Each structure stands twice: as C-alpha cells, then as structure tokens.
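Sequence positions, counted from 1, serve as the residue numbers for this chain. Ligands are counted one by one from 1 in listed order, and the atoms in each one are counted from 1 as well. Only a predicted model underlies this, so the values are computations on that prediction, with no experimental measurement involved.
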Amino acid sequence: MCSSGVEKIELRGKLIVFEGLDFTGKSTQVEILAKRLREAGLPVTTTREPGGTKLGETVRKVILSKEHMELLPLSELSLFITCRAQLSAEVIEPALAAEHVVVSSRYRLSSLAYQGYGRGLDLRLIQQLNEIATSGRQADVTFLLDLCAEKALERRGEERDRIEQEDLAFYRRVRTGYLDLTGEDPSVHILDATAPIDEIAREVLRLVGLQSLGIGDDGV
Ligand code: TYD
C-alpha cells in the first residue's frame with residue numbers, strides 16, 4: 001500500500017460518518033472504508049447507531065421492534081439520543097482520544113432527518129439534545145448516500161422493522177430533510193447511492209485523500 005504519512009496523520013482522530021435512508025448501503029461502505037484504512041496502517045474504530053454499546057444494542061431492539069408500535073415520536077427521539085450519548089461517551093470519544101479514525105453508520109443527522117423531518121419534531125430541540133449527547137462533537141466528514149424514497153423502498157424486503165414499514169411519504173420527508181440539512185455544508189459529500197458499490201467506495205477514498213489505496217476486484 002502506498003499511502004503517504006501525511007495522509008495518515010490527517011485522518012487520525014477524525015470522525016467519518018455515513019448517512020442516508022435505509023437501504024442505501026451505509027454499513028457496506030463503512031466496512032470497505034474501515035478495511036482500506038486498516039490496510040493503510042491506521043487504527044480504526046467502527047460504530048453504528050442505534051447500537052454500538054451494550055445498552056445501545058438493547059435499546060435498538062426496543063426501537064425497531066414492532067411490539068412497540070405505541071412509541072411516541074418524543075419517546076423514539078429520546079431512545080435514539082440515549083443510544084447516541086452512550087456511544088459517544090463509551091466508544092467515539094475514547095477512540096478519537098486514542099487517535100483512531102472512527103467510521104460510523106449514522107450520527108446526529110439521522111435524528112434531524114428522521115425525527116425532525118420524518119416525525120415532525122422541533123429541529124432546535126433535536127439539535128440541542130444532539131449537542132448534549134455528543135458533547136458538541138460534529139462529524140469531520142459526512143458521506144450522504146442519497147437515494148430517492150421510491151428507489152429506497154424498492155430495495156425493501158418482506159421482513160421490515162418498525163421504522164422500515166413507514167410509508168413513502170415518510171421516506172420522502174426524511175430524504176428532503178437530509179438534502180435540506182446538508183446542502184450548504186462543506187463537510188458533507190452527497191453521493192449517488194444508485195452507483196455500483198465499488199464506484200462509491202472509490203469516490204469515498206478519493207474524498208478522504210486515499211485514492212492511491214484503490215478497491216479490490218471483490219469491491220472490498
Ligand atoms: P440502521 O441501523 O441504519 O438500519 P439498518 O441496520 O436496518 O440498515 O437504523 C435503524 C433505523 O433507525 C433506521 O430506520 C433509521 C432509524 N434512525 C432514526 O430514525 N433516528 C436516528 O437518530 C437513528 C440513528 C436511526
């Protein structure tokens with residue numbers, strides 16, 4: 001591998017986040033990027049939301065279970081915030097302090113898009129809770145895997161969790177939210193999620209300055 005030392009130093013201690021609707025391939029891209037970064041000799045921590053901690057994984061089950069259709073939007077938000085606070089304190093901050101590159105599937109933007117635009121909760125309230133839950137930590141780079149709601153739902157299987165069974169109008173609001181919230185932000189790169197996996201992965205590597213690493217024939 002032929003990554004320069006300068007590139008390595010720039011990425012250490014940075015938080016890289018993948019965002020987007022369900023079914024946009026976030027976890028695949030997290031995996032590919034983490035593998036390439038590790039091959040370049042960088043210490044990497046991967047995370048996901050909701051989850052990534054013992055409590056977070058338990059709360060994830062509650063959030064996604066169809067046994068809890070009674071969850072109010074505010075209750076839903078507070079559960080996501082609980083997961084985020086635990087993940088931030090237990091995983092993200094210690095990893096960044098140890099100079100790891102942290103790569104996460106979802107972070108603060110998810111709550112603004114899903115609970116703000118999707119459920120109609122107050123964006124300022126979500127922003128405040130996000131600030132508190134993350135001690136003010138913003139992602140250094142965000143990749144928004146953009147897909148229209150129709151295409152996202154075409155990828156949906158028969159097995160659906162509580163949120164995945166929402167209707168087209170909900171997914172449209174969430175997608176609009178993502179685009180509204182990120183349009184002006186230079187730290188966000190919007191990528192076309194209809195592109196092949198290896199093409200997206202190559203673009204991600206280019207945008208983090210590691211294009212020299214390339215993507216294998218297996219796409220990973
Ligand atoms: P995710 O783990 O990305 O779903 P999957 O593993 O099935 O691809 O996220 C679970 C669901 O939680 C997803 O529908 C998006 C939703 N979500 C919110 O509504 N708000 C949030 O703040 C987060 C982090 C996720």
Side-chain angles (χ1 to χ4, degrees), residues 15-34 46-53 55-69 71-88 90-92 102-134 137-139 142-147 149 151-178 181-182 193 197 200:
L15 174 58
I16 301 175
V17 173
F18 286 87
E19 283 281 1
L21 293 182
D22 303 61
F23 320 110
T24 48
K26 296 177 297 300
S27 47
T28 305
Q29 292 299 332
V30 166
E31 207 183 297
I32 296 173
L33 178 60
T46 59
T47 68
R48 70 161 180 181
E49 284 199 28
T53 63
L55 179 64
E57 291 295 328
T58 303
V59 173
R60 176 186 174 90
K61 290 194 189 109
V62 174
I63 295 173
L64 299 181
S65 167
K66 281 185 274 188
E67 277 178 32
H68 293 292
M69 299 306 289
L71 264 191
L72 299 171
L74 186 63
S75 309
E76 186 182 86
L77 171 65
S78 59
L79 292 178
F80 282 118
I81 293 295
T82 300
C83 292
R84 187 160 302 130
Q86 292 297 137
L87 188 69
S88 169
E90 290 182 38
V91 179
I92 295 179
V102 177
V103 186
S104 182
S105 173
R106 301 192 180 281
Y107 192 53
R108 300 166 44 143
L109 255 179
S110 282
S111 294
L112 291 163
Y114 279 79
Q115 281 64 55
Y117 283 74
R119 302 284 192 219
L121 292 178
D122 182 43
L123 291 173
R124 282 164 311 173
L125 168 70
I126 302 171
Q127 189 65 0
Q128 280 173 358
L129 291 171
N130 269 341
E131 278 290 300
I132 296 166
T134 61
R137 169 82 59 188
Q138 306 266 7
T142 299
F143 295 105
L144 172 58
L145 298 177
D146 180 48
L147 192 62
K151 287 226 168 73
L153 293 191
E154 274 170 24
R155 296 179 179 186
R156 179 166 69 171
E158 288 303 309
E159 277 284 303
R160 297 169 188 180
D161 64 36
R162 191 181 57 84
I163 296 178
E164 286 170 357
Q165 58 165 23
E166 287 297 335
D167 62 11
L168 182 62
F170 175 82
Y171 276 93
R172 280 193 176 142
R173 290 197 297 278
V174 176
R175 198 244 186 156
T176 300
Y178 270 124
L181 292 160
T182 57
I197 290 172
I200 297 173

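Distance from atom 20 (N) of ligand 1 to its nearest protein heavy atom, with residue and atom name: Gln115 OE1, 2.8 Å. Of all protein heavy atoms, the one closest to atom 11 (C) of ligand 1 is Leu64 CD2, 3.8 Å.
A salt bridge links Arg48 to Glu57: at least one charged side-chain nitrogen sits closer than 4.0 Å to a carboxylate oxygen.
Across all non-hydrogen atoms, the minimal contact from Leu21 to Lys26 is O-NZ, 3.0 Å.
From Thr24, atom OG1 reaches atom CG of Leu147 across 6.5 Å, with rounding to the nearest 0.5 Å. Once rounded to the nearest 0.5 Å, the distance linking CG of Asp22 with CG of Asp161 reads 7.0 Å. Once rounded to the nearest 0.5 Å, the distance linking OG of Ser110 with CZ of Phe80 reads 8.0 Å.
Every atom of ligand 1 is numbered from 1 in the order shown, and the set under 4.0 Å from a heavy atom of Ser111 is 21 (C), 22 (O). Numbered from 1 in the order shown, with element, the atoms of ligand 1 that lie under 4.0 Å from a heavy atom of Glu164 read 7 (O). Atoms of ligand 1 found under 4.0 Å from any heavy atom of Ile163, numbered from 1 in the order shown, are 12 (O), 14 (O), 16 (C), 19 (O).
Between Tyr178 and Tyr114, the ring planes are perpendicular. Angles over 60° get that label, and only those under 30° would be called parallel.
By the 4.5 Å heavy-atom criterion applied to side chains, Leu168 and Arg172 are counted as neighbours. No side-chain heavy atom of Phe143 sits under 4.5 Å from any side-chain heavy atom of Val17. Side-chain atoms of Tyr117 and Phe170, non-hydrogen and from C-beta on, never get closer than 4.5 Å to each other.
Within a 4.0 Å radius of atom 8 (O) of ligand 1, the protein has no heavy atom.
If you check each of Arg48, Glu49, Arg162, Arg60 against atom 5 (P) of ligand 1, the one with the closest non-hydrogen atom is Arg60. Nearest to atom 12 (O) of ligand 1 by heavy atom, out of Tyr107, Phe18, Phe80, Tyr171, is Phe80.
Contacts with ligand 1 closer than 4.0 Å are made by side-chain heavy atoms of Arg106 only, the backbone lying farther away. Contacts between Glu76 and ligand 1, counted as non-hydrogen atom pairs separated by less than 4.0 Å, are absent for every part of the residue.
Contact between Arg84 and ligand 1 is present, with at least one heavy atom of the residue lying under 4.0 Å from the ligand.
Annotation: Tyr114 places no N or O atom under 3.5 Å from an N or O atom of ligand 1; distance criterion only. Residue contacts with ligand 1: Asp22 is placed with a nitrogen or oxygen under 3.5 Å of a nitrogen or oxygen of the ligand (distance criterion only).
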